[in-house]
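Below is one structure, written out as structure tokens, with a few remarks after it.
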Amino acid sequence: CIPTVGSWARGPHSESPMRPAVSRRCVWRWFALSRAPLCLLGALIVLVYLKKQSSVGLSSDSSHQIRGLHNEGENHHHHHVRVSPQGAPSLLLPTAGAAPHRPHGQADAEVNTAEAKEGSEAGLPQGRDGEDAQPRAAVAASVDSQKTARQPVRYDQSKEYRVVTQWVSPDNAEATLPGTTEWDITVVSHTTVDHLVELVRGSTTWAGPLSIALFIPTRAHLDAAVVALPDLARCGNVSTKVTLHLAVVTAVWELDDIADIVANIPTTWSRIATFSHESADPAATTCAADVAASTDVVTDRSTNYARGIPYPNNMLRNLARAHARTPWSLVIDVDMIVAPPDLFHVWRDAGRRGDLQSSRPIAYVLPAFEVSIPSTSTGISAPTNVVFPRSHDDVVAAFNHTVRPFYFEPCFKCQRHSNYTLWLGEGASASLTYHVPYHDPWEPFYVSKTSITPPYDERFKQYGFNRISQICGMWMAGFDFHVVRRGFVLHGGWKVKEKFHPQKQAEQDANRLIYRALKEELKAKYPGQRRCNVHGYHV
């Protein structure tokens with residue numbers, strides 16, 4: 001059926017053009033076969049495009065919420081929160097003005113393509129949680145206009161996690177804090193979405209900056225975070241003190257997902273706070289209650305570590321401490337507060353007087369206490385109306401009544417080496433600190449110079465030995481320990497064994513094996529007389 005070249009040689013303008021004698025059927029067959037490669041190529045292009053469009057990093061609801069958060073614009077449109085037909089709050093976009101498109105790949109420039117391919121070839125799951133991908137929403141604004149210290153998406157050291165530093169920051173994140181001295185302290189902590197409400201109390205009771213690592217294991221946690229951020233931005237002193245860093249699981253989240261999150265969330269609390277709000281809880285009377293209501297849907301706040309995905313507490317501590325905004329840092333749990341309220345300034349004054357000078361590296365221990373909360377309250381978070389001791393004298397007066405040493409029931413031997421008896425018995429005229437010898441096991445909360453403090457061992461996850469191993473490593477590296485007489489940290493609620501998740505013992509046993517291996521590694525690294533044992537030295 002296909003005509004020969006010769007049959008067309010005389011062309012259509014010849015006086016006697018020759019036309020091949022073919023049927024309509026043959027013409028159609030020739031037309032189809034000659035264009036089949038083009039059709040296949042076109043179909044392939046369409047399939048690739050649809051696959052790319054379906055690789056969504058956020059659920060449909062949270063994608064709209066994030067676009068709305070970023071789209072505040074220069075004209076300061078009025079924004080508000082509404083409840084969708086499915087009941088999920090979503091931020092509405094401004095009605096006027098179109099935002100420029102984000103250049104493709106801008107937010108993830110620091111991630112190596114070969115590394116991403118390596119993760120795919122290793123069999124890491126594509127997509128999240130086995131859920132069907134939703135069509136990705138168009139990026140609504142450019143990050144070029146956001147002049148902050150936010151960094152592109154990158155891997156952590158193990159490549160198990162992708163992190164974004166300075167995800168949300170105070171307006172002065174790039175600048176030196178006003179009046180900063182070489183003795184100032186940043187409070188460092190880590191959290192999941194369901195404990196974000198703790199930042200309200202923490203930013204109110206602490207006079208300095210806070211550096212917080214937020215772990216997002218699932219899309220439900222991201223949805224809750226997006227809804228809670230505007231309320232959190234207006235609570236306490238969050239907008240002026242808290243820097244929030246982001247960490248997600250590499251195997252659960254695709255790279256483009258995180259790039260979209262980075263591109264669409266405003267970089268500063270002040271921009272996020274401009275969104276108006278219809279309370280997530282009609283009965284809420286404070287912004288803290290709104291934050292709690294927004295995050296209650298994620299998990300039971302009364303049980304830590306029971307999320308199905310191992311909680312990388314030490315990786316999060318390292319992430320947040322590496323970006324402390326002052327020379328000294330204090331790593332605590334997010335549901336703790338530091339006292340007395342003026343400790344930030346007391347510490348600064350002591351440093352100026354020379355009270356903190358030493359020829360050896362020192363970790364300054366703050367004794368930890370737990371405060372009972374009313375039995376009618378629910379969850380771990382202490383209600384806002386709970387009165388915490390504000391001074392050394394307050395702790396002494398309430399001790400053995402509403403106040404007791406932290407972890408008194410689950411593991412008092414892990415705290416007792418701070419010498420509570422001496423701390424409680426000292427008068428106001430005593431010196432700033434007293435020395436205590438190292439003993440294993442011990443897991444105090446301490447202030448130290450960030451630049452010389454060893455990192456936490458990131459092999460420890462979930463429950464057990466994550467802080468004990470850190471103190472062991474510091475002792476082997478040459479640190480001494482001094483307890484601060486006037487300072488302390490408080491936890492709202494008494495820790496009781498019945499409240500721990502069922503897998504606690506199994507996790508502790510697994511981490512115990514890692515700890516034993518770590519001690520052998522440290523002996524090889526530091527061949528001196530110090531040892532991580534009950535005596536602190538080789539015997």
Side-chain angles (χ1 to χ4, degrees), residues 119 122-125 129 155-163 189-192 194-195 213 215-218 221 247-252 299-300 302-321 331-335 368 380 406-407 409-415 417 438-445 454-477 491 495-525 531-534:
L124 298 179
D129 305 328
Y155 286 109
D156 79 312
Q157 187 175 6
S158 70
K159 294 188 180 179
E160 290 184 64
Y161 307 97
R162 288 193 172 113
V163 300
S189 195
H190 53 95
T191 186
T192 48
D194 46 316
H195 286 280
F215 184 55
I216 300 287
T218 69
H221 283 72
V248 302
V249 182
T250 300
V252 174
T299 187
D300 181 4
S302 65
T303 305
N304 285 332
Y305 297 113
R307 311 185 193 281
I309 296 178
Y311 186 71
N313 34 38
N314 277 359
M315 184 277 290
L316 297 170
R317 289 177 176 122
N318 287 338
L319 171 63
R321 188 169 63 178
V331 182
I332 60 175
D333 293 343
V334 74
D335 53 1
I380 290 177
F406 185 61
Y407 257 44
E409 182 178 326
C411 189
F412 180 55
K413 66 180 180 181
C414 300
Q415 297 291 328
H417 302 305
Y438 168 82
H439 298 285
D440 184 54
W442 191 28
E443 52 178 12
F445 300 93
Y456 288 82
D457 191 310
E458 297 184 5
R459 290 175 290 182
F460 294 91
K461 300 175 184 178
Q462 289 291 101
Y463 186 88
F465 296 95
N466 48 79
R467 291 200 311 268
I468 289 175
S469 60
Q470 167 70 4
I471 298 301
C472 165
M474 293 175 67
W475 168 248
M476 295 293 286
H491 176 271
K495 291 281 190 178
V496 294
K497 295 180 180 179
E498 293 76 17
K499 289 291 186 179
F500 286 96
H501 56 294
Q503 298 79 23
K504 168 184 172 291
Q505 189 59 49
E507 295 165 2
Q508 188 169 355
D509 292 342
N511 281 343
R512 182 180 287 107
L513 298 179
I514 300 175
Y515 184 46
R516 289 174 181 171
L518 172 64
K519 290 196 284 188
E520 294 301 316
E521 296 169 8
L522 291 172
K523 282 198 297 185
K525 184 176 182 179
R531 293 289 187 272
C532 293
N533 56 32
V534 67

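Given the structure is predicted, the values throughout are model-derived calculations rather than measurements. For reference, positions follow the sequence shown, starting with 1.
The shortest non-hydrogen separation linking Val334 to His195 is CG1-CB, 3.9 Å. Smallest separation of non-hydrogen atoms from Phe460 and Asn511: CE2-O, 3.4 Å. In terms of heavy-atom proximity, Gln470 sits nearest to Pro454 at NE2-O, 3.0 Å. For the pair Ser189 and Ala320, the tightest heavy-atom approach, listed with the atom from each and the gap, is O-CB, 3.6 Å. Counting all heavy atoms, side chain and backbone alike, Ala247 lies closest to Leu319 at CB-CD2, 4.2 Å. Listed here is the closest heavy atom pair of Asp333 and Phe406: OD2-CZ, 4.4 Å.
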Fill in: Worked check of side chain to side chain contact (heavy atoms under 4.5 Å, CB included) between Trp442 and Cys472
CA-CA 8 Å; Trp442 191 28; Cys472 165; over 6 Å; no
Item to complete: Starting from the C-alpha separation in whole Å, work towards a yes-or-no answer on ring-ring contact (aromatic ring centres under 6.0 Å, His included) for Tyr311 and His190.
Response: CA-CA 10 Å; Tyr311 186 71; His190 53 95; 5.6 Å; yes
Practice prompt. Given salt bridge (charged side-chain N to carboxylate O under 4.0 Å, His left out), test Arg531 with Asp440 step by step and report yes or no.
Written response: CA-CA 9 Å; Arg531 293 289 187 272; Asp440 184 54; over 6 Å; no
Practice prompt. Could you please spell out the steps behind the side chain to side chain contact (heavy atoms under 4.5 Å, CB included) verdict for Glu521 and Met476?
Written response: CA-CA 11 Å; Glu521 296 169 8; Met476 295 293 286; over 6 Å; no
Discussion item. Evaluate Val248 against Phe215 for side chain to side chain contact (heavy atoms under 4.5 Å, CB included), listing each step before the verdict.
Written reply: CA-CA 6 Å; Val248 302; Phe215 184 55; over 6 Å; no
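Atoms NZ and CG, from Lys523 and Leu518 in turn, are 11.5 Å apart once rounded to the nearest 0.5 Å. In this structure, the separation between CD1 on Ile309 and OG1 on Thr192 is 11.5 Å, given to the nearest 0.5 Å. If you take CD1 on Ile514 and NZ on Lys461, they are separated by 9.0 Å, rounding to the nearest 0.5 Å.
Side chain of Asn314 to backbone of Tyr456: no donor-acceptor contact under 3.5 angstrom is found.
Scanning for salt bridge (charged side-chain N to carboxylate O under 4.0 Å, His left out) contacts around Asp457 gives Arg459, with sequence neighbours left out. Qualifying ring-ring contact (aromatic ring centres under 6.0 Å, His included) partners for Phe465, counting only residues two or more places apart in sequence or in other chains: Tyr515. Residues passing the side-chain hydrogen bond (donor to acceptor under 3.5 Å, both in side chains) test with Arg516: none are found, sequence neighbours excluded.
When side chains are defined from C-beta on, His491 counts as touching Asp335, because their heavy atoms get closer than 4.5 Å. Using a 4.5 Å heavy-atom threshold, the side chains of Leu522 and Trp475 count as separate. Counting only heavy atoms from C-beta outward, the side chains of Met315 and Tyr161 approach each other to under 4.5 Å. You'll find the side chain of Glu458 stays beyond 4.5 Å of the side chain of Pro312, heavy atoms only. Here the side chains of Arg467 and Ser469 are not in contact, with every heavy-atom distance at 4.5 Å or above. Between Lys159 and Thr250, every side-chain heavy-atom pair lies at or beyond the 4.5 Å cut-off. Residues Ile468 and Cys414 form a side-chain contact, since some pair of their non-hydrogen atoms from C-beta on lies under 4.5 Å apart. Inter-residue side-chain proximity for Glu443 and Gln415 is flagged as met; some heavy-atom pair is nearer than 4.5 Å.
His221 and Thr218 share a side-chain donor-acceptor pair at under 3.5 Å.
A tilted orientation is assigned to the rings of His417 and His439, their planes being inclined by 30° to 60°.
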